[in-house]
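Here's the structure, in structure tokens; my notes come after.
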Amino acid sequence: MTFEEKTLKSERIYQGAILNLRKDQVTVQNGTSYREIIEHNGGAVLAALTAEEKMVMVRQYRKPAERIMLEVPAGKIDPGEEPLHAALRELKEETGYTAGKVAFLTKFYPSVGYSEEILYLYLCTDLTPGETCFDENEAIDIEEMDLDTLFHMAMSGEIEDAKTLIAIFMVRALTAAEQSAADRKE
């Protein structure tokens with residue numbers, strides 16, 4: 001039987017620029033316990049696909065992993081900002097592209113065990129190139145990579161970022177379904 005925890009008390013432990021940390025006292029099946037929870041405004045994740053079916057990727061150093069990571073473009077949602085607006089803003093800032101078509105794919109919790117962050121994944125197509133506008137503390141390399149190559153990199157463990165894995169798998173499944181439908185029409 002699943003037990004739903006009820007919050008008895010909540011205490012803010014840390015308040016930062018990007019995230020907050022709180023400690024909740026909760027009911028559990030045999031009494032009470034504590035949960036440490038990261039509060040975060042969430043983020044927009046961009047599966048930007050060119051007309052040649054290449055995904056626009058970014059490489060940047062990630063301090064928590066202590067290395068350069070290959071990722072789909074993404075960024076945090078500002079307080080009060082709609083996820084779609086954040087998606088369009090981040091696409092332009094990080095890649096220089098604007099999208100003629102944007103489709104919501106899904107939303108997901110990247111780490112539901114300790115964070116309430118929700119990421120919103122959008123498919124961006126009909127891309128028009130332009131100038132990037134990186135944040136002052138960003139150093140990003142932009143690459144366009146073949147979807148099949150990215151899929152094989154994901155399957156071999158070369159790509160380890162969760163939002164990037166989800167984006168690659170979903171876009172590959174969508175393009176395969178579209179191709180299959182087109183093949184049936186012929």
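Residues that satisfy the side-chain hydrogen bond (donor to acceptor under 3.5 Å, both in side chains) test with His85, not counting sequence neighbours, are Glu81. Every residue meeting the side-chain hydrogen bond (donor to acceptor under 3.5 Å, both in side chains) condition with Lys63, not counting sequence neighbours, appears here in chain and number order: Glu66. Residues that satisfy the side-chain hydrogen bond (donor to acceptor under 3.5 Å, both in side chains) test with Glu131, not counting sequence neighbours, are absent from this structure.
Residues Ile166 and Ile168 are members of one and the same hydrophobic cluster, defined by side-chain heavy-atom contacts under 4.5 angstrom among Ile, Leu, Val, Met, Phe, Trp and Tyr. Neither Leu91 nor Val45 shares a network with the other; the hydrophobic side chains, linked directly or stepwise wherever heavy atoms of I, L, V, M, F, W or Y lie under 4.5 Å apart, form separate groups for each. Under a hydrophobic clustering in which Ile, Leu, Val, Met, Phe, Trp and Tyr are joined whenever their side-chain heavy atoms come within less than 4.5 Å, directly or via other members, Ile142 and Met69 fall into different clusters. In terms of hydrophobic clustering, with Ile, Leu, Val, Met, Phe, Trp and Tyr side chains grouped at heavy-atom distances under 4.5 Å, Met145 and Leu46 are assigned to different clusters. Linking Ile, Leu, Val, Met, Phe, Trp and Tyr residues whenever their side-chain heavy atoms come within less than 4.5 Å places Leu174 and Phe169 in a single cluster.
Nearest approach of Ser115 to Glu117, heavy atoms of both residues: OG-N, 3.1 Å.
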Test salt bridge (Lys or Arg N to Asp or Glu O under 4.0 Å) applied to Arg89 and Asp78, step by step: CA-CA 11 Å; Arg89 176 179 48 76; Asp78 292 331; 3.7 Å; yes
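Ring orientation note: the planes of Tyr122 and Phe104 are nearly perpendicular, at an angle over 60° on the 30°/60° scale.
Side chain of Asp146 to backbone of Asp148: a donor-acceptor contact under 3.5 angstrom is found.
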